[in-house]
Number of protein chains: 2
Amino acid sequence: MAQKQENLSKNQKIVLDIIEKSAQPMKAYSILFNVQKKGLKAPPQVYRALDKLVEIGKIHKIESRNAFIACRNSACTIANATAFSICESCEDVKEISSSKLSKYLSNFQDKEGMKYNKYNLEFFGICKKCK
Amino acid sequence: MAQKQENLSKNQKIVLDIIEKSAQPMKAYSILFNVQKKGLKAPPQVYRALDKLVEIGKIHKIESRNAFIACRNSACTIANATAFSICESCEDVKEISSSKLSKYLSNFQDKEGMKYNKYNLEFFGICKKCK
DNA sequence: TATAACTTTGTAATAATATAACGTAAGAAA
DNA sequence: TTTCTTACGTTATATTATTACAAAGTTATA
């Protein structure tokens, strides 16, 4: 089951809250700037919260953008199988939830038969609005 | 066709050379340190070369590691469809070349029928050696 | 040739992203 | 209580990447 928000620490709640309110991925220092009025003054406070939230699957890191996005899936403990759609024009990012895709990738084996416990996939293109 | 190495600038050749000699992904500042005896003294010289080499597909960036690896594929202009296997224990990284996987992902459409011109996939697990 | 346009280079400075280290405090467990 | 663990606050620093600008080299072509 998903970890409940009540189990989160104060700083973790603050950071998650601001990320959830953002439609788009947020950068760590943008988060920091936004939570300074709430008492989080230094980078480690933000990064610690981010680390934990990523770990429990409440947020995901968009690696190619060094930014963090809230997980909108109901079962958002799935921190180990993520896929995103990124518009290279407007930088709009959406999480892709395709059970077909996730099944395909979770079962993927390489030539030596190695299986993986985790993956991250980022698709790039131009979204409809930008076309 | 793949851009020939002869078309590369001096700095691009130097940087590509050192990455190709490394079995593992190299970080930008590690590259910088290693090429200082060859006259590349400052970060922009390295980053410019890296940018170009990524663009033409001679190297790829491992986003989750902020590191760069030489492309071993014969047709290494394919900068737009990359997949890697990363061992979370020894940090060994291998490029995955599975035509089945690349076909599947290149043809992937999301719910709105959007197609993508580029993707990057990173698999994580524990490699055989580390098991 | 020359001269403009463009690309690449070198360099200094700085921006942006992330972590180390250390001591304190608060809560859970024994 | 004592111990253990987790979280917190803080300072400093490490790491990754870009901006800005002038100089040098290349290419195109008048």
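The chains referred to below are lettered A, B, ... by the order of the sequence lines, with proteins before strands, and numbering in each begins at 1. Atom set for the values below is all heavy atoms of this structure, side chains included, hydrogens, waters and symmetry mates excluded.
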Between Asn80(B) and Asn117(B), is there a donor-acceptor pair closer than 3.5 Å when you use the side chain of the first and the backbone of the second? yes

Carboxylate-amine/guanidinium contact Glu88(B) Lys118(A), below 4.0 Å: yes

Euclidean distance, atom CZ of residue Arg65(A) to atom P of dT18(D) [Å, nearest integer]: 12 Å

Round to a whole Å and report the spacing from CG of Asp51(B) to C1' of dT8(C). 14 Å

Which nucleotides of nucleotides 4-15 of chain D have their base under 4.0 Å from a protein heavy atom (B), which only their sugar-phosphate (S), and which neither (-), written as one string 5' to 3'? ---SBBBB----

Assess whether a salt bridge exists between Glu112(B) and Lys128(A), defined as any Lys/Arg side-chain N lying under 4.0 Å from an Asp/Glu carboxylate O. no

Do side-chain atoms of Ser22(A) reach the backbone of Ile19(A) as a donor and acceptor pair under 3.5 angstrom? no

Rounding to an integer number of Å, can you tell me how far Met26(B) CE sits from dA17(D) P? 14 Å

Side chain to side chain contact (heavy atoms under 4.5 Å, CB included) against Lys100(A), all qualifying residues, sequence neighbours excluded: Ser98(A), Tyr104(B)

When the distance from CG of Leu32(A) to C1' of dT19(C) is rounded to whole Å, what number comes out? 14 Å

So which atom in Gly57(B) and which in Cys71(B) form the shortest heavy-atom distance, rounded to 0.1 Å? O-CB, 3.4 Å

Starting at atom OH of Tyr47(B), determine the distance to atom P of dT11(C), rounded to an integer number of angstrom. 19 Å

Distance test, side-chain N/O of Asn66(A) to OP1/OP2 of dT16(D), below 4.0 Å: no

